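Before any comments, here is the structure.
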Amino acid sequence: MKTYDAVIIGAGHNGLTNAAYLAKAGLDVVIVEKNDYIGGAAVSRQLENGYWYSSCSYVCSMMRQVIHRDLNLTKHGLMLVPYLGTAAFGENGQTLMAYTAEGPAYNELKRFSAHDADAMYRLLADLDRYSTLIRKTLLRTPPDPGSFKPRDIKELMFLAKTFWEMGEAEIYEYIRFFTMSAAEFLDDYFENDFIKATMATPGIIGTALGVDSPGSAYILLHHVMGDVDGTIGAWGLARGGMGAISNALAGALQEHGGEIRTNAGVDQVLVKNGKAAGVVLENGDEIHAKLVVSNLDAKRTFTKIVDRDDLPPGIFERAKNFKIRGSSGKVNIALDGLPKFNGVPDNRYINRGGQAFIGSMEKLERAYDDWKRGKWSSDPFIESVIPSAWDPTVAPPGKHWMSNFIQYCPPQLADGPWTPEKRDAFGQTVIDKIERHSPGFKDLIVHMEVRTPYEIENEVGLTEGNIFQGELTIDQLLFNRPFPGYAQYRMPVKNMYMCGSSTHPGGGVSSACGANAAREILMDLKKPNTVPEDDCHDTQYNIF
Amino acid sequence: MSNYDAIIVGAGHNGLVCATLLAKAGKRVLVLEANASEGGLGASREFHEGFQVPMAHGAASFSSTVLKDLNLAGEGLSFSDALPTVGLSEDGNHVSVVGDSVTGALEADAAAYPAYRAKLKRYAKVLKSIWESTLPRLGAGGLAESLVYAKGALNVRMLGRDDMGEFVRVLTLPMRDLIDEVFEDPKLQGLLSWDGVIGNKMAPRSPNNAVLPLLLRMNGLHDGDHCVPNGGMNALNEALLSAAKKAGVTIRFDAPVAKFIIEGDENGQRATGVELASGEALEASTIVSSADPKTTFMKLVGTRHLDIQFTNRINRLRADGMVAKYHAALSELPKINGLDDLGGRLLIAPTFDAIEFAYDDAKYGEASEHPVMEITFPSLQDPSLAPDGKHVMSVNVMYAPYKEKSGWSDAARSAFLGRVVETLEKYIPGISSLVIAQELLTPADLEAEYHAYGGHWHHGELSLEQALMMRPTYYAAQYNTPIPGVYLCGAGAHPGGGMTGLPGRNAAREILK
Amino acid sequence: MTLNTTSSEDRFAGERLKRTPFYPRLKELNLREAWDEWNGYKFADHFYDTDYEYFCIRNQCGTYDITPMQKHLIEGPDAEAMLNRMVTRDMTKLRVNRVTYLCWCDDGGRMIDDGTIFRLGEEKFMLTCGSPSNAWLAKSAVGFDNVTITDITDDTAAIAFQGPVTCEVLKKMGLEGIENLKRFGIMTFPFEGETMIVSRTGFTGDLGYELWVPAELGLKMWDKLYAAGEDYGIQPVGEGAVNMARLEAGLIMPYLDFSEALKTVHYKHDQSPLMLNIGFTVDFKKPHFNGREALLAEKEKGLDYILTKLDIEGNKVAEEAILYAEEECKTEIGYVTSAMWSPAVKANIALAMVKPEYLEKEIWAEIYFYKELRPYRKMAICTVRDKPFYMPPHASQTPPAIF
């Protein structure tokens, strides 16, 4: 029976990236996927005739451009197109157009507050500074602070130096920013509640924290540190939907001779003599490989597909305690036409962007309070986009589909398990809220797919439906991700690796985790390193 | 010619510690206190004729180093053994924790507790040198100064590889995650959360800022277990006062300071004295403020003498109090079903969620619908606080936001008082019938009476962004301030609040440098 | 104010640039449709030709729409103290009806912006500057109870009127006594039931005035001024021409010669007023102002760079040139921030950041220039100048000489 060089579990974008880099380095790799389609949470699925939903992730800003170029993803069909902004909806009919371009953004904010329009520039510069620093670490393996290996010491020095070079005051500001709540952080810039709320929303997307929770300022940064061609904080769509990213990565993998098997869920990792030796599929088939890479989240990997007896003591408990909390839902809607939103002019620029149903700072926080009580938010934060408004490939001409990301929605309900009825009631909450800002919206609905954390976990395999494969709090970042001592992609079982978003640098369609894991694997195999280490696109300010 | 080398503003415990150490080093020191007696937020107050309560519940955080430096034992000060912390339960099945022992909780949890506590004790010890040092400015100090950090890092490294990883991980955990990983008993979970969240604007789910205050408390006596001075909290104030007087410190009561006198010329600015509310001016080249940083800078120094970004950092310090105080004069001690000894502290915080949901109200400027609380009966340690046979009860109540929506209108106040009494009655049936007199002090009241902005216990949240070399904020975190001659020695300075005495001690050392 | 864009007739209102009160005239005059953006306003880069407009400033008179420039009223008993702590100059020395050029810094002594302050009364000041400053002013006012700050940018129509004949035109316009207005002085005149403020200020180094009226009177002022100036060759000028004039006068420009500290990403990419060679605006005799300690420390330690006026050999404009200590480009000693050929003095001039220790030595500029799309490189020796390149006597005379 054939023995592969590597088997990768899970054909999400990080698994595909990892496999592609390994194949490119000459390894004989196979990637196995439990679903009958690849992509994990980066998919485009035709659930209604002619409409292609990006069922899970819906926006792309973190994709490492150096990987895009390195793996020839453009050749394999990937084209990223930036948003022009987001229409934000507040209370009492307030609308604010959060333009990506600074000029219009300034004039728009000035309608609400001259003070805040001015403060926007300082916020942009500060976020630029903070994110440039983090982006330098994205394609690097975190050092182990407990190790005395020259490489770890070198990497620690790199971190320290990068940090130090900011200058004394900025170091303090950075620490403050890293530990504060989004609300406190933004209070230093803005006086208008609605502007603050609009800026704060990235601080809660995908996390079980509120705008008032310390640590949410970092989440905010995580969502805006990506860039499209150097414009910091810009978001983009993948032409053809998020599946285009996975398909392009799969194309790169196959170009280098890699193999993809779908309908091949893994039941168990094969461990022989303390070493990973392959996987047993749910149908009983065995795939033998010299090493095993798991793209599943840390909790699922160590509590579901690795036998507890094969693990060193303590790892199972750590995996069990790994914070991976479901907090988001997704409602995908096929529409008969382009909806019209109150306060948003019929205007081709505004339409080329998202919609954010926000309310106020208090509404955002109260939405979180519901989650704490085991309920979906009765007045949730909804972050939407109608990709078909500027991507002609995802819906029939004149028709549209709308992606709605909902914060918050709990993985378990206080009043018992999720049922189809409760799921539909959740969906109803969402479209009721949209209808309030878009009278007649409901009449446009052709088809609707409602996904609670329960559906996301069952279908995609993300534990609790957490979109980051683990909370992005300080205790689970950098060398703590997923657990202290195991942040360098090597797992407690020999010849086994992790490459998913449970590892540094965390969630988002960045391909960084998969690439970093590939680098470590190639290093262990004593192969030349073909994975890029640095991807700092100069920002508008051309710094560092 | 000035009669004093240094003027200390405020006779709270930190002010007295600082004054004593300066006087011991030969400085002529004057302490100015706005109120009629010493102790500040650690003092006693008579809230009903013949009934007094100490404002602080315990001295668990007090630093043994400060005890030694001031030789407070020589003033007759001693402390009780560790006293139990009891999580009250409506059904009489209370959970009680003292030392390594846990009673009334799930057996597995009781068994797991010693290891959990040992771990935290280890981590508390690691930080000892950090708490007791001035933390230098990053990158601005010399080699000798950086040694403080090197030593701290070495202590962490000495934990060993795995434990060090764990230390770094748990440092930013919310109480809920820290506890949830080990314990399953809801009552024990609520109880153990308490010391990580009290005083600050946070709840068990709030990340980043819980473990540090907990470890600071554990740096005190009995590893953070509840304890009181023998003879009651007043004994501590009296010992501090007596030590100060013995060292030659002059203390003036009823002498509120209106502002610092800052003189300026082409050589810049410097403090030359203080002006009292009475208009009297007193000269000294060193002015040490034990007032909270917001009051110190915004009011006493005045923003026109300070840089703008600095001013704004001070102005935005998170220092809005969250704890109200409820005091009751009791005709006798209550009987609590299932609990004989009322000498410890009693908590009404039955679950994580009880605390969390109480907090949720406060986020929107509302006093908690279902408050959580910490109860003591100080007259058990100090019978002189109440007439013979009678007692006083002191309760810390969370959450009572400083900026209450209505500005603490009479209606809001009496509604909240009603909820406090109702909650107490639920857990201590019959208590209301024993009440002779009562008072509720909201953070706004505490601010008015004790001159601490926001009525905040710790003179500002002890959260990571305003802790360590950033407490209260950078460029004022080494006890000196941007104004030459002005120093900080209160809980708003490193290492922070909770009656440790360390800010006063560290400040004195810095001033004497 | 309505916050709803649906109330607007224009469905592209959000994307479109705002228009100043002078727009109806500017639109007619901007023959080349050469528009630019300044603080959200549409304003002209040039109307017909930059060089021609430049010569209007030097030879006759030009009008420059400064409505987008930020204007803030600062009033109240604490206004002087608040500003005195914010800015580098001593505001107690600024008399009523006088204007002063100054700058303000962050706590680190890095320059946030430069601008002018008009003392309109004992307790009334107007601050003008290039970039929005509301947030910084709000921060600066924290702790001062008796001061109000109002952004009057959108409510004020303002024209910079510059050139050797401007005084004559204003006289003809009926501004009695204007010839006696000294540099940095302010006069007020009744205008259509309101007040027109005239200050003898500008950004060109030439004789010039700035005229301020409520926004709704903007067009009336424009028409009156143009009627008076018709025989004197009055001409609207755009940013291009003003930028040339200011460089000849040695004045600094944000985004070219300095980056505003609060919008700078890297702390080494902003500058202090000492580095920008406007140390004359920094009054260390004041016991305190924002950034004083940091600036003193910088002064003591020595500057990394200092903004220097350079006269460069030849005629190849040294835009974006890097400076070296020797012709062989071994030691980098600075960089050019603005450069041009000066039509007035026929010299190849530049402003540059130079390491102070090299000021007395040879300075070489590495210049890239194009001839018919093909780039060439040239090394040119630079001479340090300490006076503005162009400083006509009529700019400072009172009354100004009649051209």
Side-chain angles (χ1 to χ4, degrees), chain A residues 144-148 163-169 171-173 175-181 183-185 187-188 208-218 314 317-318 320-323 361-362 365-366 368-370 372-374 471 473-481 483-487, chain B residues 137-140 153 156-157 159-174 177-178 180-182 200-212 309 312-313 315-316 318 352-353 356-357 359-361 363-365 461 463-470 473-475 477:
Chain A
D144 182 346
S147 148
F148 288 120
F163 202 57
W164 216 246
E165 279 174 353
M166 289 195 299
E168 189 189 357
I171 297 176
Y172 300 126
E173 288 296 330
I175 300 174
R176 280 159 56 85
F177 171 75
F178 224 86
T179 58
M180 278 173 125
S181 70
E184 290 283 348
F185 169 66
D187 268 346
D188 193 37
L209 295 175
V211 286
D212 266 339
S213 306
S216 51
Y218 172 74
E317 289 75 13
R318 284 195 169 182
K320 203 169 65 101
N321 288 332
F322 184 66
K323 283 154 54 179
M361 285 300 273
E362 181 170 329
E365 185 64 24
R366 286 197 188 274
Y368 174 51
D369 290 350
D370 286 336
K372 285 192 208 171
R373 286 157 178 80
E471 286 288 330
T473 44
I474 298 176
D475 54 298
Q476 296 190 157
L477 283 178
L478 204 64
F479 38 69
N480 285 340
R481 193 167 182 90
F483 338 116
Y486 295 97
Chain B
R137 282 170 56 173
L138 294 177
V156 175
R157 193 65 190 77
L159 284 169
R161 197 185 149 133
D162 288 349
D163 210 19
M164 166 187 172
E166 181 66 0
F167 173 75
V168 173
R169 184 183 75 93
V170 304
L171 211 47
T172 55
L173 283 183
D177 292 343
L178 179 75
D180 202 23
E181 291 178 358
V182 187
N200 289 326
K201 189 191 168 195
M202 54 191 304
R205 275 190 197 273
S206 313
N208 294 355
N209 305 329
V211 176
L212 207 63
Q309 285 161 315
N312 279 272
R313 287 204 303 279
N315 192 42
R316 292 193 61 251
R318 301 203 298 129
F352 282 139
D353 278 346
E356 189 75 35
F357 297 166
Y359 167 70
D360 283 345
D361 299 328
K363 291 188 297 193
Y364 313 110
E461 303 273 305
S463 48
L464 279 179
E465 87 276 6
Q466 38 193 49
L468 305 172
M469 68 295 199
M470 297 192 296
T473 185
Y474 57 91
Y475 302 154

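For clarity, every value in this text was computed on a predicted model and none was experimentally measured. Protein chains get the first letters and strands the later ones, always in sequence-line order, with residue 1 at the start of each.
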Chain B contacts, top residue of A:D187, A:T473, A:I175 (heavy-atom pairs, under 4.5 Å):
A:D187

Who wins among B:M202, B:E356, B:M470 for the most heavy-atom pairs under 4.5 Å with chain A?
B:M470

Which answer fits A:F322, side chain, backbone, both or neither, if we ask what part of it has an atom under 4.5 Å from a heavy atom of chain B?
neither

Counting only heavy atoms closer than 4.5 Å, note whether A:Y368 contacts chain B via side chain, backbone, both or neither.
side chain

Using non-hydrogen atoms only, which part of B:R157 is less than 4.5 Å away from chain A: side chain, backbone, both, or neither?
side chain

As an exercise, state the distance from NZ of B:K363 to CG of A:D212, rounded to the nearest 0.5 Å.
6.0 Å

Where on A:F479 is there a heavy atom nearer than 4.5 Å to chain B: the side chain, the backbone, both, or neither?
side chain

Nearest non-hydrogen partners of A:E168 and B:Y475, listed with the distance:
OE2-CE2, 3.8 Å

Which portion of B:N312 sits near chain A, non-hydrogen atoms under 4.5 angstrom
neither

Going by salt bridge (charged side-chain N to carboxylate O under 4.0 Å, His left out), name the residues that satisfy it together with A:D370, two or more places apart in sequence or in a different chain.
none

How long is the gap from CD1 on A:I171 to CG on B:L138, to the nearest 0.5 Å?
5.5 Å

Scored by heavy-atom pairs under 4.5 Å with chain A, the best of B:D162, B:V156, B:V168 is B:V168

Just do the side chain to side chain contact (heavy atoms under 4.5 Å, CB included) check on B:L173 and A:K323 with the steps written out, would you?
CA-CA 11 Å; B:L173 283 183; A:K323 283 154 54 179; 3.8 Å; yes

Contacting moiety of A:L477, where chain B heavy atoms sit under 4.5 Å:
neither

Could you check which of B:L159, B:T172, B:V170 has the highest count of heavy-atom pairs closer than 4.5 Å to chain A?
B:T172

I need the residue from A:N480, A:D188, A:D144 with the largest number of non-hydrogen atom pairs under 4.5 Å to chain B.
A:D188

Do you know the tightest heavy-atom contact between B:G165 and A:P484?
O-CG, 3.5 Å

How would you list, by chain and number, every residue that makes a side-chain contact (heavy atoms from CB on, under 4.5 Å) with B:S463, sequence neighbours excluded?
B:N209, B:R318, B:E461, B:E465, B:Q466

Please lay out, stage by stage, how A:E173 and B:Y474 fare under the test side chain to side chain contact (heavy atoms under 4.5 Å, CB included).
CA-CA 9 Å; A:E173 288 296 330; B:Y474 57 91; 2.4 Å; yes

A:A183 portion near chain B, given a 4.5 angstrom heavy-atom threshold:
neither

Does a salt bridge link B:R316 with A:E184, judged by any charged N lying under 4.0 Å from a carboxylate O?
yes

Between A:E365, A:R373, A:R176, A:E317, which has the largest tally of heavy atom pairs under 4.5 Å with chain B?
A:R373

Hey, mind stepping through B:N208 and A:Y218 against side-chain hydrogen bond (donor to acceptor under 3.5 Å, both in side chains) and telling me if it holds?
CA-CA 12 Å; B:N208 294 355; A:Y218 172 74; over 6 Å; no

B:F357 versus chain A, the contacting section by heavy-atom distance below 4.5 Å
both

If I compare all heavy atoms of B:M469 with all of A:Y172, which pair ends up nearest, and what's the gap?
CG-CE2, 3.9 Å

